[in-house]
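Scope of the values below: all heavy atoms of this structure, side chains included, with no hydrogens, waters or symmetry mates.
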2 protein chains.
Amino acid sequence: MRALIIEDDEKIGASISTALELAGFLTVLEKDGEEGWFLGSSEPFDVIILDLGLPTLDGLTILKRWRKENCITPVLILTARGNWDERVEGIDSGADDYLVKPYRSEELVARVRSLVRRSTGHAAPNIEVGDIVLDTRQMRVSRDGQPIPLTPQEYRLVSYLMHNNNRVVDQMELTEHLYSQDFERDSNSIEVLVGRTRRKLGKNSIKTRRGFGYIMEDENE
Amino acid sequence: MRALIIEDDEKIGASISTALELAGFLTVLEKDGEEGWFLGSSEPFDVIILDLGLPTLDGLTILKRWRKENCITPVLILTARGNWDERVEGIDSGADDYLVKPYRSEELVARVRSLVRRSTGHAAPNIEVGDIVLDTRQMRVSRDGQPIPLTPQEYRLVSYLMHNNNRVVDQMELTEHLYSQDFERDSNSIEVLVGRTRRKLGKNSIKTRRGFGYIMEDENE
DNA sequence: GTTTTTCTGACAATTCACTGACAATACGCT
DNA sequence: AGCGTATTGTCAGTGAATTGTCAGAAAAAC
């Protein structure tokens with residue numbers, strides 16, 4: 001999962017970034033509003049953390065622009081304490097959730113996880129596909145109750161596929177959401193990653209739709 | 001479905017091309033305006049993506065020429081941000097939709113799909129013919145709710161026939177829209193493809209009009 | 001019944017995905 | 001900081017699914 005963080009305060013930005021990376025996200029941190037808007041408009045993110053009160057371009061303006069462009073990526077806005085107006089206006093402008101500074105970073109991570117889940121149609125923090133369970137809070141994957149140790153990259157793969165369960169995901173999309181910068185196209189790293197993950201989860205966990213992509217789906221399909 | 005992309009920027013062009021190919025399109029990428037105009041006039045495309053601001057020949061000029069020639073292929077124009085004039089003029093010149101840079105490639109693909117659907121008279125993203133349903137977003141075909149796995153080429157065939165439902169499509173037309181470069185005429189690959197697809201969809205899904213071509217049609221006709 | 005058109009099964013070529021071995025890199029530990 | 005281990009990317013070779021070709025069979029038209 002890729003998260004875009006737009007925050008001008010150096011320290012706060014870095015702390016959000018590390019907190020989310022520990023939670024398994026890939027992050028892009030941007031201080032400038034204009035540049036941030038551009039990133040959100042041109043690259044696919046799974047969630048965006050947006051500070052209101054940016055220098056060059058105001059957060060609410062960015063948000064409104066995105067929404068006008070049919071961008072439906074979930075957005076969490078950060079507001080200063082007491083600014084009720086901002087908060088209300090943020091929701092009106094299309095924010096999906098808001099968080100008041102100061103906050104504990106666990107709180108932020110929890111909110112972000114929840115946003116990502118809800119945006120992919122999952123209410124509960126545990127996502128089940130077939131006999132595989134993804135525990136988004138503990139970042140663990142288990143099969144029939146047996147925990148399966150995965151490497152960080154493998155976890156990201158499974159997490160992305162399970163959030164988007166019953167949907168074929170092509171290699172391009174996986175590359176975009178599993179690697180920070182865009183990536184040499186001529187390598188087969190995704191195939192290798194899928195192969196390794198499959199060996200741990202079981203042959204039929206991740207299915208190949210030749211010519212289309214990969215899918216994790218419930219049995220009855 | 002065949003898409004013509006006229007875009008001088010090497011990288012942008014390539015990214016549009018791969019995005020559309022992953023979405024099941026065959027693409028032709030052309031950097032030169034003059035050459036692009038010629039291609040659009042001489043070969044049958046299902047949709048054209050046209051960048052305004054080309055070096056040799058301006059996009060709007062190309063578009064106007066096509067329309068004067070009674071070419072009705074749907075055209076999506078790409079404009080730089082803020083150029084309202086261009087956009088308005090584009091619509092006036094016969095563009096069917098426009099997209100402002102920067103954009104996410106999912107958005108582009110969605111617009112292109114929508115254009116192709118509308119140009120063949122389909123409002124919804126799911127097209128139903130008889131008991132067969134084509135899900136254009138997920139690129140899946142199902143019958144009575146049961147998904148039917150198809151190979152990429154088979155999918156292209158069904159997609160084309162279902163977009164053009166209740167209309168007889170001859171082999172020449174199918175060849176032109178299902179293969180990138182012009183193809184040896186003496187092979188019977190279309191017949192074989194139809195046969196294989198029929199085996200998966202059911203005997204009566206694709207009907208043969210001997211001497212004319214193939215058709216997928218609703219039962220009551 | 002003959003001719004034309006389309007269908008079908010078998011084979012071949014190609015493309016695409018998987019695998020195992022190796023190399024590079026990142027990471028944790030003392 | 002330096003070493004050892006785990007993780008990840010690369011590459012070449014293997015295997016399998018897809019697609020095209022061809023020849024003969026079936027079906028339709030006359």
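- Nucleic acid contact class of B:Glu191 (heavy atoms, under 4.0 Å, all strands): base.
- Closest to the side chain of B:Asn188, from the set C:dT4, D:dT8, D:dT21, is D:dT21.
- Residue A:Pro152 places its side chain closer to D:dT8 than to any other of C:dG20, D:dT8, D:dT21.
- Side chain of A:Asp144 to main chain of A:Gln146: no donor-acceptor pair is present (N/O by atom type, distance under 3.5 Å, no hydrogens or angles).
- The distance between atom CD of B:Glu154 and atom P of C:dT15, rounded to the nearest whole Å, is 18 Å.
- For the pair B:Met172 CE and C:dT6 C1', the computed distance is 19 Å after rounding to whole Å.
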**Item:** Stepwise side chain to side chain contact (heavy atoms under 4.5 Å, CB included) check, A:His163 with A:His177
**Value:** CA-CA 12 Å; A:His163 274 86; A:His177 290 264; over 6 Å; no
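- Between B:Ser187 and D:dT21 there is a side-chain polar atom (N or O) within less than 4.0 angstrom of OP1 or OP2.
- When each of A:Gly213 and B:Arg199 is assigned the nucleotide of DNA chain C bearing its nearest heavy atom, the one mapping closer to the 5' terminus is B:Arg199.
- If you check every strand for non-hydrogen atoms under 4.0 Å, A:Val192 touches a base.
- Taking atom CZ of B:Phe212 as the reference point, atom C1' of C:dT5 lies 13 Å away to the nearest angstrom.
- As a whole-Å value, the separation of A:Leu150 CG from D:dT8 P is 10 Å.
- Considering only side-chain N and O atoms, B:Lys207 lies nowhere under 4.0 angstrom from the phosphate OP1 or OP2 of C:dC7.
- Between B:Asp170 atom CG and C:dT5 atom C1' the separation is 14 Å, expressed in whole Å.
- Considering only side-chain N and O atoms, B:Thr208 lies nowhere under 4.0 angstrom from the phosphate OP1 or OP2 of C:dT6.
- Put simply, A:Lys200 has no side-chain N or O that comes within less than 4.0 Å of OP1 or OP2 on D:dT7.
- On a pure distance criterion of 3.5 Å, a polar donor-acceptor pair joins the side chain of B:Arg210 and the base of D:dA27.
- Judged by distance alone, with hydrogens and angles left aside, the side-chain atoms of A:Asp218 form a donor-acceptor pair with the main-chain N or O of A:Gly130 at under 3.5 Å.
- A distance-only check finds no donor-acceptor pair linking the side chain of B:Glu107 to the backbone of B:Arg104 [under 3.5 Å].
- Counting any heavy atom pair closer than 4.0 Å across all strands shown, B:Tyr214 reaches sugar-phosphate atoms only and no base atom.
- Salt bridge present: B:Glu7 and B:Lys101 bring a charged side-chain N and a carboxylate O closer than 4.0 Å.
- Residue side chain B:Arg196 reaches the base of D:dG20 through a donor-acceptor N/O pair under 3.5 Å, judged by distance alone.
- A salt bridge between B:Arg2 and B:Asp46 is absent, with no side-chain N of the basic residue lying under 4.0 Å from a carboxylate O of the acidic one.
- Taking only side-chain atoms of A:Arg198, from C-beta outward, the nucleotide of C:dC18, D:dT19, C:dT4 with the closest atom is C:dC18.
- Rounded to an integer number of Å, the gap from B:Ile190 CD1 to D:dT18 P is 18 Å.
- Atom pair A:Arg156:CZ and D:dT8:P shows a separation of 7 Å (rounding to whole Å applied).
- Rounded to whole angstrom, the span from the CD atom of B:Gln153 across to the P atom of D:dA17 amounts to 19 Å.
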